[in-house]
Amino acid sequence: MQKPSLPSGTRDFGPVVLKRRKAIMQVLERVFVSHGFDPLETPALENLKTLQGKYGDEGDQLLFRILNSGDYLSKAPEADRHDSKALSPWIADRGLRYDLTVPLARFVVMNRGQLPMPFKRYQMQPVWRADRPQKGRYREFWQCDIDVVGADSVLCEAELVEMYLKAFQQLGLGVEIRINHRGLLDSLMPSLGSASAWSEFMVAMDKADKIGQEGVSQELRNRHLEHAVRVWEGLCAAQQEGDFESKLKAFEALAFFKNEDANAQSILQAEEALKKAADELRLLRSLLPAQASVVLDLTLARGLSYYTGAVFEVSPKDERLPLDFRLGSIGGGGRYDNLTGAFGLPDVPGVGVSFGLDRIYDTMEAAGLFDQMPSTWKGILFCPMDEASFPDAVRLAREVRHCGYAAEVYPSAAKLKKQLDYANQRGWCLAAILGENERLSQTVALKDLNEGSQSTVSYDDLVTHLKTHLPNG
RNA sequence: GCGGUUAUAGCUCAGUUGGUUAGAGCAUCAGCUUGUGGCGCUGAGGGUCGCCGGUUCGAGCCCGGUUAAUCGCCCCA
């Protein structure tokens, strides 16, 4: 006999958990729909050609590949059969989707001309990554994405940030939204000297919240980027400024700290990138509620290589969370001006953000937000005491459901203790006990499971009785 | 891909320098009580101590290997 088990990094969602997850998704969906977004679903499987090369080398390693059917090995040349890397393209043509943005880009390209532009869609589906599972990291997890394709206005960024704010407010979870702009980071290029130094700088900088300012400096020194340490320290000084505008001003002053070796052309490009980015950020900030908890984070880089404009990240910031609670971000996104370019359709701008459902759930659980949210059925469990009561119980349950309340008949004439235990476990708030005595007088003994009180209600009065005890059907 | 920790009942875990028949709480079932629960009492069932090998008179405990889970690194939601 084999012990049942689950693939690493995957989970079952039992009734209690799933009801809470669906409650979260309902909140998100209501926000999405209220901003005019339309739903989209795409297949779990995509052609590997669609997925590969979109997430960088690291991302390609994390793609789940699907073995071809049939005698796939015969197609592979003998020379490639002993090297798994060389063999892979011969035996796997499809993979599981890695995120929802690339499938969206594919969909937009395949359906161009038929979609209203700008195309605003939301999508809530699982994605898969062959990552090492850890706390808050799963191999199968759900993303809830909203994207606007075909519009380059900062209005879109502002709308998405506002939806972040609204959604987390409705979920009751305190968050901080950090914003940065790829243009600001690009403008550091002349100061850093080379493209490779720039990207190493990005990788090191992204770890700042984990290893601290000094840790990043150390890492830059380890990578022999002495020059970059000065840029980093300048960046941190700007980051120390309090509000959005002061940070931005400090950064603008910093970016003109240039490497003398840089040529005039690259300096000019950097200045243009900086000006455009700063203008966009100022406009974006002005479109958001003044008191909104949105901060400029000059050290925010975000990994995905396709971002070209504003980038966002959401972190939990809630005093109910344990002090040592760390899960990373629970959402993120940004502007990508050239994603569909990879599918042969250039110049379609897009911007989108993602809600990490699993981490949102884990965070809300850690903050105790589910404790005061017991999922009680608004309805009634019928408890038949003998088999002769089954017909009346079934008929009454039908009437109750017809009026919009939930009802269930316990499927046997088990002991009352057992039936009431079941009712409590399932969260029913009322139990209707129905036995020989009740049947003869055409009544039920209606027990309030929260208060413990009990009253006799006739068959005919049951529905009206429910209406007074269970408002809001 | 690389490290650390852990593995005992359905669940959460005890188990002394290696020593008779491996325990507790919760859960389940039965009875106390033809039909009154969520904090009552009594009892019962349930374990190849992850797996393979080694040391020993004797291994849940020590050693080696292996598998899995978990926490870190890389990277990311």
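Source: prediction; values computed, not measured. Throughout, a chain's letter reflects where its sequence line sits, starting with A, and its residues are numbered from 1.
The nearest whole Å value for the distance from the OH atom in Tyr410(A) to the C1' atom in U36(B) is 15 Å. Rounded to whole angstrom, the span from the CG atom of Asp421(A) across to the P atom of C26(B) amounts to 14 Å. Between Lys417(A) atom NZ and U28(B) atom P there is a gap of 9 Å when expressed in whole angstrom units. Phe141(A) has its CZ atom 8 Å from the C1' atom of C76(B), to the nearest Å. Whole-Å rounding puts the Leu100(A) CG to A77(B) P distance at 12 Å. Taking atom CG on Leu327(A) and atom P on C71(B), their separation rounds to 10 Å, with Å as the unit. Residue Asn424(A) contributes atom CG, which lies 4 Å from atom C1' of G38(B) at whole-angstrom precision. Here C32(B) presents its P atom at 6 Å from NZ of Lys415(A), a figure rounded to the nearest Å.
Base pairing of G64(B) is made with C52(B), judged by Watson-Crick or G-U wobble geometry with both donor-acceptor distances under 3.5 Å. Nucleotide G37(B) forms no Watson-Crick or G-U wobble pair with any nucleotide shown, as no partner meets the under 3.5 Å limit on both distances. For U21(B), there is no paired nucleotide, since no Watson-Crick or G-U wobble pair has both relevant distances below 3.5 Å. Nucleotide C74(B) is matched to nothing when pairs are restricted to Watson-Crick or G-U wobble geometry with both distances under 3.5 angstrom. With a cut-off of 3.5 Å on both Watson-Crick or G-U wobble distances, the partner of A14(B) is given as none.
Side-chain atoms of Leu188(A) and Phe251(A), non-hydrogen and from C-beta on, do get closer than 4.5 Å to each other. Residues Leu171(A) and Ile24(A) are in side-chain contact: their nearest non-hydrogen atoms beyond the backbone lie under 4.5 Å apart.
A salt bridge links Arg221(A) to Glu214(A): at least one charged side-chain nitrogen sits closer than 4.0 Å to a carboxylate oxygen. Salt bridge Glu280(A)/Arg335(A): absent, no basic N to carboxylate O contact under 4.0 Å. Between Arg395(A) and Glu399(A) a salt bridge is recorded (basic side-chain N to carboxylate O distance below 4.0 Å).
Only the P atoms considered, G40(B) is 13 Å distant from G25(B), to the nearest whole Å. Distance check on atom C1': G1(B) versus C74(B) gives 9 Å, rounded to whole Å. Taking atom C1' in both C13(B) and G58(B), the straight-line distance is 27 Å, to the nearest Å. Nucleotides C11(B) and U48(B) place their P atoms 13 Å apart, quoted to the nearest Å. For the P atom pair drawn from C61(B) and U56(B), the interatomic distance equals 16 Å after rounding to whole Å. Here, A9(B) and G31(B) have their P atoms 29 Å apart, quoted to the whole Å. A gap of 15 Å separates the C1' atoms of A69(B) and C51(B), to the nearest Å. Across the C1' atoms, A59(B) and G15(B) are found 14 Å apart, a figure rounded to whole Å.
Across all strands shown, Glu436(A) has heavy atoms under 4.0 Å from base atoms, whether or not it also approaches the sugar-phosphate. Heavy atoms of Gly332(A) sit nowhere under 4.0 angstrom from any nucleic acid atom. No contact: Leu357(A) has no heavy atom under 4.0 Å from any strand. Residue contacts shown for Asp386(A) are absent, as no nucleic acid heavy atom lies under 4.0 Å away. Looking at heavy-atom distances under 4.0 Å, Gly452(A) makes contact with a base. Within the nucleic acid shown, Val127(A) has no heavy atom closer than 4.0 Å to any nucleic acid atom. Among the protein residues, Asp358(A) comes within range of no part of the nucleic acid, since none of its heavy atoms lies under 4.0 Å from any strand. As judged by a 4.0 angstrom heavy-atom cut-off over every strand, Ile330(A) is placed among residues touching the sugar-phosphate backbone only. Within 4.0 Å (heavy atoms only), Gln134(A) reaches at least one base atom of the nucleic acid. Within the 4.0 angstrom heavy-atom criterion, no nucleotide atom of any strand lies near Tyr422(A). Glu451(A) comes within contact range of no nucleotide atom at all, as no heavy-atom separation falls under 4.0 Å.
Remark on RNA chain B: of its neighbouring residues Gly9(A) and Lys207(A), the 5'-side contact belongs to Gly9(A), judged by nearest-heavy-atom nucleotide. For the pair Gln425(A) and Gly435(A), both in contact range of RNA chain B, the more 5′-proximal nearest nucleotide belongs to Gln425(A).
Between Ala393(A) and Val409(A), the shortest heavy-atom contact is O-CG2, 3.7 Å.
For Lys135(A), the side-chain atoms get nearest to C71(B) when compared with the rest of C75(B), G35(B), C71(B). When distances run from any side-chain atom of Ser8(A) to the nucleotides C75(B), A77(B), A69(B), the shortest one goes to A69(B). Checking C29(B), A77(B), G37(B) against the side-chain heavy atoms of Ser329(A) singles out A77(B) as nearest. Checking G37(B), A77(B), G35(B) against every side-chain atom of Leu416(A), the shortest atom distance belongs to G35(B).
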### Message
Evaluate Lys120(A) against Asp38(A) for salt bridge (Lys or Arg N to Asp or Glu O under 4.0 Å), listing each step before the verdict.
### Response
CA-CA 6 Å; Lys120(A) 299 168 78 177; Asp38(A) 281 326; over 6 Å; no

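For Arg182(A) (side chain) and Ala301(A) (main-chain N/O), a donor-acceptor pair under 3.5 Å exists by modelled atom type. At distances below 3.5 Å, not a single donor-acceptor pair connects side-chain atoms of Asp337(A) with backbone N or O atoms of Pro349(A).
For U36(B), the base has a donor-acceptor partner in the side chain of Gln454(A) [N/O atoms by modelled type, under 3.5 angstrom]. Under 3.5 Å, the side chain of Lys447(A) and the base of U36(B) form at least one donor-acceptor pair of N or O atoms. Side-chain to base pairing of Arg137(A) with C75(B): one donor and one acceptor N or O lie within less than 3.5 Å of each other. Contact annotation: side chain of Arg132(A) to base of C71(B), donor-acceptor pair absent below 3.5 Å.
Note on Lys418(A): a side-chain N or O is less than 4.0 Å away from OP1 or OP2 of C29(B).
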